[in-house]
There are 2 protein chains.
Amino acid sequence: MTTAIKRCGECPIRHRALCARCEPPELEELDTMKYYRSYEAGQTVVWAGDRMDFMASVVSGIASLSQTMEDGRTQIVGLLLPSDFLGRPGRECATYDVTATTDLVMCCFRRKPFEAFMARTPHLASRMLEMTLDELDAAREWMLLLGRKTAREKIASLFVIIGRRDAALKLKEADGEIAFDLPLTREAMADYLGLTLETVSRQISVLKREGLIRLEGKRRIVIPDFQALMAETGDDCDGGLIG
Amino acid sequence: MTTAIKRCGECPIRHRALCARCEPPELEELDTMKYYRSYEAGQTVVWAGDRMDFMASVVSGIASLSQTMEDGRTQIVGLLLPSDFLGRPGRECATYDVTATTDLVMCCFRRKPFEAFMARTPHLASRMLEMTLDELDAAREWMLLLGRKTAREKIASLFVIIGRRDAALKLKEADGEIAFDLPLTREAMADYLGLTLETVSRQISVLKREGLIRLEGKRRIVIPDFQALMAETGDDCDGGLIG
DNA sequence: GCGCGCTATTGATCTCGATCAAGGTTATCG
DNA sequence: CGATAACCTTGATCGAGATCAATAGCGCGC
């Protein structure tokens, strides 16, 4: 049992999610197809349509999945945070542009062996299903944001989601002061929220002026009253904090 | 082999997708947990948060998944067409409001036995993963539409997607004339596209005036030149028609 | 220190889609 | 057939966010 944890400790945090339920002999097999890749902030991991001979799990940093129209309009359709998975079984080509938003380390698995391994490891297959369903829920939550929320609500929602994830990792109470470094430029935020970077900047200024957030430098966000910010997202928030 | 097809023929079209790869003895087991439910257009199948003791596959008709904010703003986050699946393994409560958009028949499976069956039927589990990944791709395509497309592009995209699916089912060539009955009211289209119903109506009128579509009655859409309409979606469309 | 490139802020103006409002069409049912 | 209700269309106006433009801060190499 400690064996399992120790092995997977090479891929910190929740990459463990991928293999925590596997037995040691299976883990050894996973190790044979595993290697690491690093990217600098701004580098492209793959372009949509490129052949992708690996699947990967994010170890540290953030990657974004995006789609761009011919005239340059782009929409970020997903962020990959540590422990998130990239690549789809049975598909050889990337569906989206994948870009390192911050410096990024990924734990990669060669496609063929990984797929074969998955086919005979039910734990892993069901874990993949679970992760995919979570991503689907996240995408649908984002559809509500993109289709129906105001610019102000979009910014508040983004900060609440990042702040919540951050607080969860640090096991902090959610009603104290929460602070985090924004891992996105104004432009990336705009592309994620379906806004322009000017609107993002303006709405951040508004929230700051109203005391709902503070800025420390350009990138660090402090949320003095998490509940108050949540009230600006337009979401029902009677439920639990981690949803 | 004919046995399999015959059995699953009870659930027409691609519900077969769910069990086509299963062996006859397994299919018999599936049958023991199977029953049908019908809903009239407009009826609610479940509300978000309700306990849901079944999973289901759409046999005929269309269901919509939607989220509504306190002030009434609504976003449809997915349509379930025949063969699509409703319900998530391991989750007892509905995440979204599910509404019958047209008259609807679903093939339901009691949750517990179905989950147990899935756990020991790798075919089914991997089929579920595949379907979920497809839904995720569809959701992400929709995120681009919601975040970055104009009203005109949104309408054109909707018609192209419905027309394409329809043409695929009928095995028709995609460059002839395509016609289909719109299964959605203007309001439902608006909620799906992140618009108001007035804007939907106006943009349909514009496309009609320009000869890109024709209306037969209020609900039947005829696309005389599919390629021309596709050019209005803003999408890259050099690739294959079915993507 | 200075210039350069990148990122962010702020202002002025415009535009697309929302909103408010008034009819029109179609189906159903007595 | 006429009444009612649901759905759709069209017009007038408004406003949130886009667009265009100028300026400001910041890090980095020389």
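Each chain gets a letter, A, B and so on, in the order its sequence line appears, and its residues count up from 1. All heavy atoms count here, side chains included; hydrogens, waters and symmetry mates do not.
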If you look only at distance, which donor and acceptor atoms sit under 3.5 Å apart when one is on a side chain in residues 200-212 of chain B and the other is two or more places apart or in another chain?
residue: B:Ser205; atom: OG; partner: B:Ser201; partner atom: O; Å: 3.1
residue: B:Glu210; atom: OE1; partner: B:Arg152; partner atom: NH1; Å: 3.3
residue: B:Glu210; atom: OE1; partner: B:Arg152; partner atom: NH2; Å: 2.7
residue: B:Glu210; atom: OE2; partner: B:Arg152; partner atom: NH1; Å: 3.3

* To do: Identify, residue by residue, the members of residues 66-79 of chain A with a heavy atom below 4.0 Å from DNA chain D, and return them in order of residue number, or none.
  => none
* Could you state the CD-P distance from B:Glu187 to D:dC8, rounded to the nearest angstrom? -> 9 Å
For nucleotides 11-18 of chain D, print each protein N/O atom paired with a nucleotide N/O atom at under 3.5 Å, atom names and distance only.
residue: D:dG11; atom: N7; partner: B:Arg202; partner atom: NH1; Å: 2.9
residue: D:dG11; atom: O6; partner: B:Arg202; partner atom: NH2; Å: 3.2
residue: D:dA12; atom: N6; partner: B:Arg202; partner atom: NH2; Å: 3.4
residue: D:dG17; atom: OP1; partner: A:Ala151; partner atom: N; Å: 2.8
residue: D:dA18; atom: OP2; partner: A:Thr196; partner atom: N; Å: 3.3
residue: D:dA18; atom: OP2; partner: A:Thr196; partner atom: OG1; Å: 3.0
residue: D:dA18; atom: OP2; partner: A:Thr199; partner atom: OG1; Å: 2.5

* Residues that A:Asp181 engages under side chain to side chain donor-acceptor pair (under 3.5 Å), provided they are two or more places apart -> A:Arg220
Enumerate donor-acceptor pairs with a distance under 3.5 Å from any side-chain N or O in residues 93-101 of chain B to protein atoms, sequence neighbours excluded.
residue: B:Thr95; atom: OG1; partner: B:Arg91; partner atom: NH1; Å: 2.8
residue: B:Tyr96; atom: OH; partner: A:Asp137; partner atom: OD1; Å: 2.9
residue: B:Asp97; atom: OD1; partner: B:Ala48; partner atom: N; Å: 2.8

* **Segment of DNA chain C, first to last nucleotide, that comes within the 4.0 Å heavy-atom reach of chain B** => C:dG17 to C:dC20
* Under the side-chain contact (heavy atoms from CB on, under 4.5 Å) test, which residues partner A:Arg214, sequence neighbours left out? -> A:Glu177, A:Glu216, A:Val222, A:Pro224
* Asked: With sequence neighbours left out, what residues match B:Asp103 under side-chain contact (heavy atoms from CB on, under 4.5 Å)?
  -> B:Glu40, B:Ala41
* To do: Applying side-chain contact (heavy atoms from CB on, under 4.5 Å), name anything that partners A:Thr102, two or more places apart in sequence or on another chain.
  => A:Ile62, A:Pro183
* Set of ring-ring contact (aromatic ring centres under 6.0 Å, His included) partners for B:Phe159, sequence neighbours left out -> none
* Using the C1' atoms of the five pairs at each end, what is the angle between the end axes of the helix from C:dG1-D:dC30 to C:dG30-D:dC1, to 10°? -> 30°
* For B:Glu70, which residues count as a side-chain contact (heavy atoms from CB on, under 4.5 Å) partner, sequence neighbours excluded? -> A:Asp236
